[in-house]
Amino acid sequence: MKLLLKLVRDIKQSIGQFIALVLVIAVGAFFYTGLVTYSDKLSTYTKEYFEEHNLSDLNVYYSQISKDDVAGLSEVEGINKIEGRYTLDATQAFEDYKTSLKIHSIPVKNEINTLTMIEGSIPTKKDEILIDSHYAKEHDYHVGDKISINTNGRDFTFTISGLCENVEHAKKNETQDHKAYGVAYIAEVAIPKVADGFSYNEIMIDAQDGYDIDKLGQSIEVQTKQLSYLNQVSKERTFNYSKINETIYNNGMMSKVVPLVLFLISAIILFLTMSRIIDSQRNQVGIMKALGVKNRNIMLHYMGYPVLAGIIGSIIGSAIAASVFIPLVTASSARSHSLPDITYSLSFYSIIPPILFSSAFGLLACYLSGRTILKERAAQAMRPKPPKTMKKLLIERVPGLWSRISYSYKLILRNIFLNKPKALASSIGVVVSTVLLITAFGTQAALLKVANQIEDVYTYDLKVDYTIGTSSDTLKLPSGIKSNYFLSTFPVEFIKDDEKENATLVVTEKENSLIHFFDENDNEISLENNGVLVPKSYADKYHILEGDIIQIKFTAPELKNKTVDTKVLQISTQYSNPSFYITPAYLKSFDIDYSPTSLLVEANSSTDLTSVRNFFEQDPHVDTIADKTGLKKSAQYILKQNSFVFIMFTICAVILSFSAIYTISSINIYERNRELATLKVLGYQKNKINRLIFFENIILTTFAVIVALPISGYIYSFVVKALSSTHQQIPDKLNIFIILASVILAFLLTILSNLLLRRKVTKINMIESLKSIE
């Protein structure tokens, strides 16, 4: 009981260091419990969700395939279940924008990719349709409402029978834009209505457990080549499945690495803190040994300090994670995925690992700090610790240099090199915090650059999409137009060795001055007639260089999966909506006709823009009119999605930096009590003594910042790589202003900790400190 009271007294005497230590542990617990909860819940939920609704293992696409042919394929080895359906792309036109709808027919006995009903019922009549609940919410659709769609130049009207979500569209696209993109389902009896006859164009396959999907795919391709076979995609290659698993993996890695680094830093601080506490209590340790207290009990007494800090820090960090991290990540997950009824809540058991980790590191630090003094005899322990011997510094051996250095700076240099491990430990905390600051600020600046590049790349005022079949030769243009250029967009598949990825190919005139292209150094590049501009996001992932030959397959049904070899003209930096670009002349070299479907318009003035827009709105050939707001949405989504990561990284870096500097400086002041008291007796003013400590910390921070700079570049590139994809490029270069801002903040934190430690210097008892060796 007495040892417990002594522990409380020790904590009270060094309450600032204890709080700093608790904060570092709290940061580690915050990240661990938050990320583990998110990753584990997402992993568990999606696994159960995919199994419950039987996500298809393989989707095979045809121009058309009959019901009998589908039934015949059920005998193929490796197939557990097989279902056919008809899939089509449709659009909806609203006042100032157009949306895309992916429509599937529902098999009569649907057992693969089954629906999750939110409201209403599954369609059974040819004029009924089921739409996804998020799309319905964005457009204020309700059960019973009429909905008009357009596909292949024909308009259809359906009645909404219900709202749903589907396992195959849990992740729709990179930005999860429910307003511009939706999914809908119709009954099989409605297929003749939209397809002019009954047939399927897609089959969904549930493979037998453990069967090789690639082998199954090859077998189906061989057996159905004569049935207008087009393509196939395994579950692992689908955008939906791969993106969710990528998120789970990245969060799982972060939940292990980030807390481990923070707990290691807390272990270093603990080691220094416990060394200081035990060294300062040599006399008390000697008295306890003389009174018969066992070494084990003395060690357990001091081990209570880190264990208590670990428990308190872990509870605080977990509580903050439950109230801050979990709500933020729940909102982020809702924007990123369509997973019905998923909820995130912090488990009580998630608090245990941070307590165990921090306590284990603390116990180890305490053991390493106290084992030496516990080996001493009681009489020896009650004597003061002999002072350290100091060798000459390298700088002292330079003739004439040491004598020119002021006495104050000699004291600083001697103290740093006398306590090299302590100086190094202090620097490690500042290094990690500086790396976090640079990474956080750099990531936010990169995301802002993504949003801002849209203004530089796209300088048109309006993008006019024409209805299918409209010829550019018959179009009329209003007055008030400064410049205009046609373009056409093709859905394609990029092919590299055995890898395939969906992409967009844009065809426009070489002279088009309303779309600008830039290389990685922000120099403007131009479109030519002898090659393709490749987005840097694809080039980085697939290691594409200028002059390479790449394969592109046109997936539009009318082009019958035509595959062409194209020469890489240049690599283009496209942060938002990256696309492949070629000219009409280069397209025609592949025997593909250029039929422009859109027009980019630049008006003479804002006044003319109004009249130009009114003209196009009245043109019967115009399908939709859009400005650049849709493009900005993508960049704003990325900013919004990652803003809380930036905030958390910054706060944690500040806490870590401040805690490390404050703790080490506090220990430094205590260990130099006698030296500082001597300076006070010799007439040194308080400000001068404070300046000594201040400059010493500035030197350590400067050293830490120098070490942190190259490390920051590596960590930043790792974070950028995690955030980037082929469909969204993030700038991977650090801005010098970001580095300067992070470095300045690191120094400001050093200054703040020094200001808070001024009281410790003022409270030094000169007589007690000078008599401490007696």
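When a residue number appears, it is its place in the shown sequence, counting from 1. Small disclaimer: the values here were computed from a predicted structure and weren't measured.
What you find for N240 and H169 is that their closest heavy atoms are OD1-C, 4.1 Å. Nearest heavy-atom pair, Y581 versus L527, reported as atom, atom and distance to 0.1 Å: O-CD1, 3.7 Å. Minimum interatomic distance between K449 and D522 (heavy atoms only, all atoms of both residues): NZ-OD2, 3.5 Å. Taking every heavy atom of both residues into account, F441 and S742 meet most closely at CD1-OG, 3.2 Å. I571 and K536 get closest at one heavy-atom pair: CG2-CA, 3.6 Å.
K541 places none of its side-chain heavy atoms less than 4.5 Å from the side chain of F494. Under the 4.5 Å side-chain criterion, counting only non-hydrogen atoms from C-beta, K102 is in contact with D89. With a 4.5 Å cut-off on side-chain heavy atoms, Q574 and V457 do not count as touching. At a threshold of 4.5 Å between non-hydrogen side-chain atoms, the residues Y460 and E602 do not count as touching. In this structure, L569 and L533 have side chains that are in contact, with non-hydrogen atoms separated by less than 4.5 Å. Using a 4.5 Å cut-off on side-chain heavy atoms (C-beta onward), L35 and F325 make contact. Counting only heavy atoms from C-beta outward, the side chains of Y716 and I738 never approach each other to under 4.5 Å. When side chains are defined from C-beta on, L339 counts as touching L42, because their heavy atoms get closer than 4.5 Å.
Atom CZ in F517 sits 15.5 Å away from atom CG in N523 (nearest 0.5 Å).
Considering Y538, Y586, F490 in turn, Y538 is the only one that fulfils the ring-ring contact (aromatic ring centres under 6.0 Å, His included) rule with F580.
A salt bridge is defined here as a Lys NZ or Arg NE, NH1 or NH2 lying under 4.0 Å from an Asp or Glu carboxylate O, and K588 with D593 fails to meet this definition.
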Just distance, no hydrogens or angles: give the donor-acceptor pairs under 3.5 Å from side chains in residues 508-515, sequence neighbours left out.
from: T508; atom 1: OG1; to: F486; atom 2: O; distance (Å): 2.9
from: T508; atom 1: OG1; to: N512; atom 2: ND2; distance (Å): 2.8
from: E509; atom 1: OE1; to: F486; atom 2: N; distance (Å): 3.2
from: E509; atom 1: OE2; to: F486; atom 2: N; distance (Å): 3.4
from: K510; atom 1: NZ; to: E528; atom 2: OE1; distance (Å): 3.3
from: N512; atom 1: OD1; to: L514; atom 2: N; distance (Å): 2.9
from: S513; atom 1: OG; to: Y485; atom 2: OH; distance (Å): 3.4

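Residues forming a side-chain contact (heavy atoms from CB on, under 4.5 Å) with S234 (at least two apart in sequence, or on another chain): L58, I213, E236, R237.
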